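Presented below is the structure to which this report refers.
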Amino acid sequence: QQQVKQSPQSLIVQKGGISIINCAYENTAFDYFPWYQQFPGKGPALLIAIRPDVSEKKEGRFTISFNKSAKQFSLHIMDSQPGDSATYFCAAVTNNAGNMLTFGGGTRLMVKP
Amino acid sequence: GEEVAQTPKHLVRGEGQKAKLYCAPIKGHSYVFWYQQVLKNEFKFLISFQNENVFDETGMPKERFSAKCLPNSPCSLEIQATKLEDSAVYFCASSHSPGSYEQYFGPGTRLTVT
């Protein structure tokens, strides 16, 4: 059972455009939702995270929007740059399950110059 | 250190051989997590430690996998009698405790079982 569903699997955006990646979850016990960025051959790097009592969080060009009633959250990358080309993973954590990360399936983003 | 360190970077084992992977968490971090990433990018949680104590091992295939975090030593993940399906990248992550959900990942160890 996939507890965190991520879409799309791949995304192509022109430089300067907005990249949008969506995730949906089922477990209402999740209480922390991070996004990770992974470049080929590297480990995932924590990008931005949100807790369910907040509807939006912005850090630079990256914004998380969170809809608790719909059990959905999304990552927006504004002014996308070729250097943003990577695989992005949403994840969720519940503190009554050992703080383990439950990952979405990943989105491969390509930003064209 | 300021980064999670993992060794070796690559490991090749014949089917049935033993594989041992190492992880040094960020200094001061009390939680260590092991994840397996297979070819389709899917991450699978294996085990977590709070200092040297197993915190959660619900993801571990216990018949062949074992892990330890001993004081003053890198953490280790050992696979006895490797199988072809064990081929994956194994990531270690660490987290500062208590109550911090931020996990910082190492560069991973790519295990290839032939």
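Sequence lines set the chain letters: A, B, ... in the order given, protein chains first and strands last, and positions in each chain run from 1. Just so it is clear, the model here is predicted, and its values are computed rather than measured.
- Counted within 6.0 Å of CZ on Arg64(B), heavy atoms from surrounding residues, nucleotides or ligands total more than 12; the atom is thus considered enclosed.
- Of the atoms belonging to Gln38(A), it is side-chain heavy atoms, and not backbone ones, that fall under 4.5 Å from chain B.
- The local environment of CD in Glu15(B) is crowded, with over 12 non-hydrogen atoms from other residues, nucleotides or ligands closer than 6.0 Å.
- For Arg13(B), the CZ atom is densely surrounded, since the number of other residues' heavy atoms within 6.0 Å is greater than 12.
- With a threshold of 4.5 angstrom between heavy atoms, Pro34(A) does not approach chain B through any atom at all.
- Taking the side chain as every heavy atom from C-beta outward, Glu102(B) and Tyr32(A) approach each other to under 4.5 Å.
- Other residues, nucleotides and ligands contribute over 12 non-hydrogen atoms within 6.0 Å of the CD atom of Glu52(B).
- Tracing side-chain contacts under 4.5 Å through hydrophobic residues (I, L, V, M, F, W, Y), one never reaches Leu70(B) starting from Leu77(B); they form parts of separate clusters.
- Going from atom CE of Met100(A) over to atom CG of Leu46(B) covers 10.0 Å, rounded to the nearest 0.5 Å.
- Looking at Thr102(A), there are no atoms closer than 4.5 Å to chain B (heavy atoms on both sides), in backbone or side chain.
- In terms of modelled atom types and a separation under 3.5 Å, the side chain of Tyr36(A) and the main chain of Phe105(B) share no donor-acceptor contact.
- Looking at Gln37(B), the atoms closer than 4.5 Å to chain A (heavy atoms on both sides) all sit in the side chain, from C-beta outward.
- Residue Leu46(A) comes nearest to Tyr104(B) through the heavy atom pair CD2-OH, 4.4 Å, listed as atom of the first residue, atom of the second, then distance.
- Val54(B) and Phe65(B) fall within the same hydrophobic cluster, where Ile, Leu, Val, Met, Phe, Trp and Tyr residues are linked whenever their side-chain heavy atoms come under 4.5 Å apart, directly or through other members.
- The residue from Phe33(B), Phe91(B), Phe43(B) that alone fulfils the ring-ring contact (aromatic ring centres under 6.0 Å, His included) condition with Phe103(A) is Phe43(B).
- Hydrophobic clustering of Ile, Leu, Val, Met, Phe, Trp and Tyr side chains at less than 4.5 Å, counting indirect connections, keeps Leu101(A) apart from Trp34(B).
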